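Heads up: the structure comes next, in structure tokens.
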Amino acid sequence: MLQWIMTFCPLSHLPRNGDEILLKRNIDWLFLVFLAFSPLLDLASGIQAYLLNGGTGLLGTHQIVIQPSISISLSVRMAVLVIMALYLLIQRDKQAVLAGAGLVAAFALSVAGQALRGVSFSLREDILYMARYSFNIASIFTYAHVLRHMAQTSGLRRIPAPDGPTVALAHPMPDGVRRRIDDILCWTLLIASLGILLPYLADIGFYTYADPLGYRGCRGLFYSGNDAAALMMLLLPLLLCALMRLNGLKSRRGAAYLAAAACGVTAMLVLGTKTAFLAIGATFAGLAGYALFYAIWRHQSVLLARFGIFLLVFLVFFGILSLITHNKIGHAIYTSFAFTGEYAASQGLETAMLSGRTTKLIAVWHQFQAAMPLSLFTGLGRGSQQAIIEMDVLELIFYYGIPGTLLMAWVYLKNGILFLCDLFRRFTFTGWCCAISLALCCGYLFFAGHTLFSVTSGFYFALVLLYARTFSIQPIKEANP
């Protein structure tokens, strides 16, 4: 069946010559540009929602009345998903096709289960939810090929074909490839951070929270604060890792990394979510702890010194913003942090940490129990639910059943396990930073959701997992700026 699909795909008949190589390079370049500027799509969607709802000052959640049926971000990314699917067919990636077949099977089981139970459901919601998830899975396979082609053009000639959604290189990736990816992640984090900081300074955009304690925090022009927080908590450890591995911080690359990291931390503080505060603390503790251990064990203080330089640059940047805003930014951050504790004291720690998600979880669990044993095999389906649980792992199980969960999650599980094996077999600074990034996001899957089924944070979660599998085996080595 797979061979039949490959045979009759029109693009699979492209000749194996220089024209095809040129086509692949152009498509690879397109995917790299998309990776760097992807946050602009989310900002465009936020601007769209902001203008539809008045477009004046900072808007709270309860003031958002008009919501676009399909956002700019989702529309463009669905077009990119089609390009990715065709690209993977060109590459004759059998595992990608098998993964896609698994997603189709899980979707069919879910829809069939809803039909057999006789409940009313929205097929449109089912399709959109699965399409979002499929976009992230396709990204892993697509960018694995992109990295492989980048390595081939960087002088590493003998490169085996990707082992599924991994770049199974016999030797570490060339430093030039990693530097290019780090540069792209730098610009991504910088764009996302400025998408929060600049609107905040101009008093436009959206508040992060609207609860009994009032409006607080600012997510800038991001329509989803959860997406913004997850994106930055994923990229910040990787960028700090790249910064601490640089040979010269006085170079343009070093200045760009320092600026992006300082903006990223400040934007997360302005965002003011519980997970953002936790991510900053965990990232700083993890990197500072490793740098201190490295200084004591190896008698080399280079990592500790570079982390100290970053902290100094961040404090100077934050101080300048405080002076410009007459400490408005400091007061806003203090308010968000203090109100988090106050809200936990008044509403209970469970409500404060999970934002009432347990209520939705209990309701779905009762539905799941009532529909057993069918729900174990097909799940409840997304289209029959009025609201999501906002806990991704549990959504997989409850919406798609046990078989559907395995069909949908095996790509993540396989690469996650392989990354852990790499980490314990050859512990490196890069691997440690990747572990911090992925651990924060995996915790986010349980407590906040909006990742596996998000075309923003889910996209970057998939790419960080690929990044970890590709670069984490490399030891600390001073890269040329």
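Treat the numbers as computed from the prediction; the structure is a model and nothing was measured. These values consider heavy atoms only, across backbone and side chains, with no hydrogens, waters or symmetry-generated copies.
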### Message
Could you report the tightest heavy-atom contact between Cys433 and Leu287, atom names first, then the distance?
### Response
SG-CD1, 4.1 Å
### Task
Mind checking the CE-CG spacing from Met372 to Leu374? Nearest 0.5 Å is all I need.
11.0 Å
### Query
Considering the options Phe135, Tyr133, Tyr399, Phe461, which one meets the ring pair (Phe, Tyr, Trp, His ring centres under 6.0 Å) requirement together with Phe453?
Tyr133
#### Entry: Any donor-acceptor N/O pair, Ser110 side chain to Ala106 backbone, under 3.5 Å
no
#### Entry: Leu438 side, atom CG; Leu234 side, atom CG - distance, nearest 0.5 Å
7.0 Å
### Query
So does Phe427 have more than 12 non-hydrogen atoms from other groups sitting under 6.0 Å from CZ?
yes
### Task
Classify the ring geometry between Trp365 and Phe368 as parallel (under 30°), tilted (30 to 60°) or perpendicular (over 60°).
parallel
### Query
Any donor-acceptor pair under 3.5 Å linking the side chain of Thr208 with the backbone of Cys218?
yes
### Query
Measuring from Leu238:CG to Ile181:CD1, what's the distance to the nearest 0.5 Å?
11.5 Å
### Task
Walk me through it: do Leu59 and Asn53 pass the test side chain to side chain contact (heavy atoms under 4.5 Å, CB included)?
CA-CA 8 Å; Leu59 299 181; Asn53 289 275; 4.0 Å; yes
### Message
Looking at Leu452, is its backbone amide N or carbonyl O close enough to the side chain of Asn136 to form a donor-acceptor pair, meaning the two atoms are under 3.5 Å apart?
### Response
yes
### Query
Going by atom types alone, do Glu125 and Gln385 pair a side-chain donor with an acceptor below 3.5 Å?
no
### Query
Would a distance-only check, ignoring hydrogens and angles, find a side-chain to backbone donor-acceptor pair under 3.5 Å from Ser437 to Pro237?
no
### Query
For Gln369, does the CD atom sit with more than 12 other heavy atoms under 6.0 Å from it, leaving out its own atoms?
yes
### Query
What orientation do Tyr290 and Phe429 show, parallel under 30°, tilted 30 to 60°, or perpendicular over 60°?
tilted
### Query
If we only count heavy atoms from C-beta on, is the Asp93 to Val97 side-chain gap below 4.5 Å?
no
## Note on the structure
When rounded to the nearest 0.5 Å, the distance separating CG of Leu440 from OG1 of Thr283 is 5.0 Å
### Query
Looking at side-chain heavy atoms only, is the closest gap between Arg382 and Ile388 below 4.5 Å?
yes
### Message
Quiz question: by atom type and distance under 3.5 Å, do the side chains of Asp183 and Tyr257 form a donor-acceptor pair?
### Response
yes
### Task
Could you check Phe206 against Tyr50 for ring-ring contact (aromatic ring centres under 6.0 Å, His included), going step by step and ending with a plain yes or no?
CA-CA 8 Å; Phe206 302 99; Tyr50 183 72; 5.7 Å; yes
### Query
Relative to Phe419, does Arg469 satisfy both conditions: NZ or CZ under 6.0 angstrom from the six-membered ring centre, and within 45 degrees of the ring's axis?
no
### Query
If you measure only the distance, is there a donor-acceptor pair under 3.5 Å linking the side chains of Glu395 and Tyr129?
yes
### Task
Would you check if Tyr412 and Ile137 make a side-chain contact, meaning some heavy-atom pair closer than 4.5 Å?
yes
## Note on the structure
Heavy-atom nearest pair, Val119 first then Ser384, reads CG2-CB, 4.0 Å
### Message
Is it the case that the side chain of Arg219 and the backbone of Tyr223 share a donor-acceptor pair, with hydrogens and angles ignored and the cut-off at 3.5 Å?
### Response
yes
### Message
What verdict does the side chain to side chain contact (heavy atoms under 4.5 Å, CB included) test give for Leu103 and Phe107, after you've listed the backbone C-alpha separation in whole Å, the side-chain angles of each residue and the deciding distance to 0.1 Å?
### Response
CA-CA 6 Å; Leu103 296 178; Phe107 172 79; over 6 Å; no
### Query
Pro39 pairs by side-chain contact (heavy atoms from CB on, under 4.5 Å) with which of Thr456, Ile191, Leu190, Leu189?
Ile191
### Task
Please list, chain by chain and in numerical order, all residues satisfying side-chain hydrogen bond (donor to acceptor under 3.5 Å, both in side chains) with Ser454, sequence neighbours excluded.
Asp227, Ser457
### Task
Decide whether Asp182 and Tyr467 meet the rule of one side-chain donor and one side-chain acceptor closer than 3.5 Å.
yes
### Summary
The reported gap from OG1 in Thr142 to CG in Leu35 (rounded to nearest 0.5 angstrom) is 12.0 Å
### Message
If I take atom CD1 from residue Ile196 and atom CE from residue Met268, how far apart are they, to the nearest 0.5 angstrom?
### Response
9.0 Å
### Query
Any chance the side chains of Tyr444 and Asp392 put a donor and an acceptor closer than 3.5 Å?
no
### Query
Would you call Tyr87 and Phe31 a side-chain contact if the rule is heavy atoms closer than 4.5 Å?
yes
### Query
So do Ser38 and Tyr460 actually touch side chain to side chain, heavy atoms under 4.5 Å?
yes
### Non-hydrogen side-chain atoms of Arg77 and Phe34 separated by less than 4.5 Å
yes
### Task
Heavy atoms only: give me the nearest Cys263-Leu194 pair and the separation to one decimal.
SG-CD2, 4.4 Å
### Message
So which atom in Asp126 and which in Gln114 form the shortest heavy-atom distance, rounded to 0.1 Å?
### Response
OD2-NE2, 3.0 Å
### Message
Tell me the closest heavy-atom pair linking Gly264 and Ser193, and the distance in Å.
### Response
CA-OG, 3.1 Å
### Query
Heavy-atom distance under 4.5 Å between the side chains of Arg178 and Thr430, does that happen here?
yes
### Task
Search all heavy atoms of Ala138 against all heavy atoms of Leu88 and return the closest pair with its distance.
O-CD1, 4.2 Å
### Task
Check whether any side-chain heavy atom of Thr188 lies under 4.5 Å from a side-chain heavy atom of Phe37, and answer yes or no.
no
### Message
Determine whether Met84 and Tyr143 satisfy the following criterion, side chain to side chain contact (heavy atoms under 4.5 Å, CB included), listing intermediate values before the conclusion.
### Response
CA-CA 9 Å; Met84 286 181 178; Tyr143 281 93; 4.1 Å; yes
#### Entry: Working for side chain to side chain contact (heavy atoms under 4.5 Å, CB included), residues Val111 and Thr378
CA-CA 8 Å; Val111 172; Thr378 67; over 6 Å; no
